[in-house]
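Read the structure below first, then the notes.
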Number of protein chains: 2
Amino acid sequence: MPATKMKATIKSVATDLFYRKGYYATAISDIARGSGIQKASIYYHYASKEDLLFSILETTMDDLTVYIRETLEGVSDVEERLRVAIRGHVGFHLTRQKENFIANSELRGLSSQNFRAIVRMRDAYERIFQDLIRRGIDDGAFAVVDVKILSYAILTLCTAGASWFKPDGRLNVDEIALIYENFIISGLKQAEGAVLRPPVAALSG
Amino acid sequence: MPATKMKATIKSVATDLFYRKGYYATAISDIARGSGIQKASIYYHYASKEDLLFSILETTMDDLTVYIRETLEGVSDVEERLRVAIRGHVGFHLTRQKENFIANSELRGLSSQNFRAIVRMRDAYERIFQDLIRRGIDDGAFAVVDVKILSYAILTLCTAGASWFKPDGRLNVDEIALIYENFIISGLKQAEGAVLRPPVAALSG
DNA sequence: GTCTATACGATGATAGAC
DNA sequence: GTCTATCATCGTATAGAC
């Protein structure tokens with residue numbers, strides 16, 4: 001088999017196993033078995049197990065960022081831009097569920113240098129959403145909200161779908177995206193103003 | 001040292017290490033070192049590493065459920081009940097950050113029986129929020145939304161705080177809770193209605 | 001209750017033949 | 001490119017002394 005094809009097979013098998021069993025619980029021998037080769041042969045294609053994980057995460061983040069930028073092209077209305085971005089984010093995460101689940105749960109498997117590289121990409125991606133929200137606030141489309149906190153909240157909420165979504169479940173990707181979209185846009189318009197109130201009760205621990 | 005005290009020390013050290021390094025990356029010897037004993041001595045207090053993880057998760061879920069139920073006592077208005085529950089959820093998660101982070105990232109470390117036990121507790125907890133939302137819809141306080149999807153979204157969004165919150169950061173627990181609370185309640189009232197639109201573009205992968 | 005010593009298995013990775 | 005064989009290490013857990 002040509003190197004490029006086997007390399008892709010290994011990556012695909014690893015993605016599936018990392019998703020189903022987790023990075024640490026997956027042994028190189030498992031990936032080899034799934035790929036139909038011996039474990040030593042894996043190292044001809046990838047330098048290490050971590051290298052394989054990094055490759056998956058890097059590709060995912062790259063594709064996600066490119067996809068969202070494409071999605072936004074030609075859309076000018078501030079609110080519609082955020083709606084489009086949410087749709088894109090949800091669509092990408094639910095369609096490429098395994099990779100995205102890994103990207104959100106297995107960063108721990110990376111050494112500090114690789115970790116920083118992925119976090120840098122993630123930060124840049126988050127900034128796209130933060131800019132969209134800020135623009136919406138400046139234009140008066142949204143209420144004056146905390147951009148950082150709510151951008152994390154919004155992305156997390158949409159991403160979470162990747163952990164429970166089932167392609168043949170009750171709702172399809174578009175339906176789920178629409179539910180999120182309306183919830184988020186309404187939340188950002190803040191029909192409900194802030195309410196002053198006493199602090200929560202003290203907690204042990 | 002009396003058994004109960006050392007047992008608590010071990011649990012506390014393990015919580016800290018599982019939070020900082022992850023369950024798989026933490027060795028029994030690490031926990032022993034942090035507790036000031038030899039690794040073999042750990043097994044006098046806990047049957048296995050998984051037993052220790054399970055103990056942390058069980059206590060956390062128990063305390064969380066009890067806390068939320070207490071928080072809701074005596075509150076009758078539907079909207080205020082959900083607001084109170086959100087405040088409680090956020091407060092608990094940001095105050096007992098480490099345990100909650102583990103509870104949301106290390107379920108993989110459990111064998112199927114223990115896994116099911118924790119998931120059962122989590123499901124029961126989620127049902128509290130689902131009932132609150134459903135009540136709000138029935139009473140006309142909230143729009144007719146998808147309860148399951150949005151309950152997951154709401155809990156995930158609030159829980160996420162446990163992964164980035166810093167006690168001495170820009171905002172304190174109450175401020176963050178209020179931001180979430182207003183965002184969520186506004187989202188559930190849905191000033192913005194559903195918008196029909198074409199499906200998202202096809203995705204590769 | 002805690003210690004030392006050790007059994008035992010698994011895993012990531014390498015060496016070198018084909 | 002893939003194989004067989006093997007290394008080196010580490011981690012959980014147990015045995016038995018104190």
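Just so we're on the same page: letters track the sequence lines, and every chain starts at 1.
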message: Check this for me: does any side-chain nitrogen of one of K189(A) and E79(A) sit under 4.0 Å from a carboxylate oxygen of the other?
response: yes

query: Tell me the side-chain hydrogen bond (donor to acceptor under 3.5 Å, both in side chains) pairs involving residues 39-49 of chain A, sequence neighbours left out?
result: none

- prompt: What pairs with F54(A) under ring-ring contact (aromatic ring centres under 6.0 Å, His included), at least two apart in sequence or on another chain?
  reply: none

message: Which heavy atom of I86(A) sits nearest to which heavy atom of F129(A), and what is that distance?
response: N-CE2, 4.2 Å

Could you pull out every donor-acceptor pair under 3.5 Å between side chains of residues 109-123 of chain A and any protein atom, sequence neighbours left out?
unit_1: S111(A); atom_1: OG; unit_2: E50(A); atom_2: OE2; d: 2.8
unit_1: N114(A); atom_1: ND2; unit_2: E50(A); atom_2: OE2; d: 2.7

- prompt: What do the steps show when you test Q130(B) against S151(B) for side chain to side chain donor-acceptor pair (under 3.5 Å), and what is the final call?
  reply: CA-CA 6 Å; Q130(B) 288 164 4; S151(B) 66; 3.1 Å; yes

task: Strictly below 4.0 Å, heavy-atom distances to any atom of DNA chain D: list the hits from residues 105-114 of chain A, or just say none.
output: none

- prompt: Can you list the residues that meet the salt bridge (Lys or Arg N to Asp or Glu O under 4.0 Å) rule with K98(A), with sequence neighbours excluded?
  reply: D16(A)

- request: Just jot down the side chain to side chain contact (heavy atoms under 4.5 Å, CB included) partners of D131(A), sequence neighbours excluded, or say none.
  value: R134(A)

task: Looking only at non-hydrogen atoms, find the nearest pair between A143(A) and I137(A) and report the distance.
output: O-CG1, 3.3 Å

- request: Would you list the pairs meeting side-chain hydrogen bond (donor to acceptor under 3.5 Å, both in side chains) in which at least one residue belongs to residues 153-169 of chain A, sequence neighbours left out?
  value: H89(A)-T159(A)

message: Heavy atoms within less than 4.0 Å of DNA chain D: which residues of residues 21-34 of chain B have one? Give them sorted by number.
response: T26(B), A27(B), I28(B)

Using atom names, set out every protein N or O paired with an N or O of nucleotides 2-5 of chain C below 3.5 Å, distance rounded to 0.1 Å.
unit_1: dT2(C); atom_1: OP2; unit_2: H45(B); atom_2: NE2; d: 2.8
unit_1: dC3(C); atom_1: OP2; unit_2: Q38(B); atom_2: N; d: 2.6
unit_1: dC3(C); atom_1: OP2; unit_2: S41(B); atom_2: OG; d: 2.8

Residue-level proximity of residues 50-58 of chain A to DNA chain D when a heavy atom falls under 4.0 Å: none

message: Checking F165(B) now: which residues fulfil ring-ring contact (aromatic ring centres under 6.0 Å, His included) with it, not counting sequence neighbours?
response: none

- request: With sequence neighbours excluded, tell me which residues meet salt bridge (Lys or Arg N to Asp or Glu O under 4.0 Å) with K148(B).
  value: none

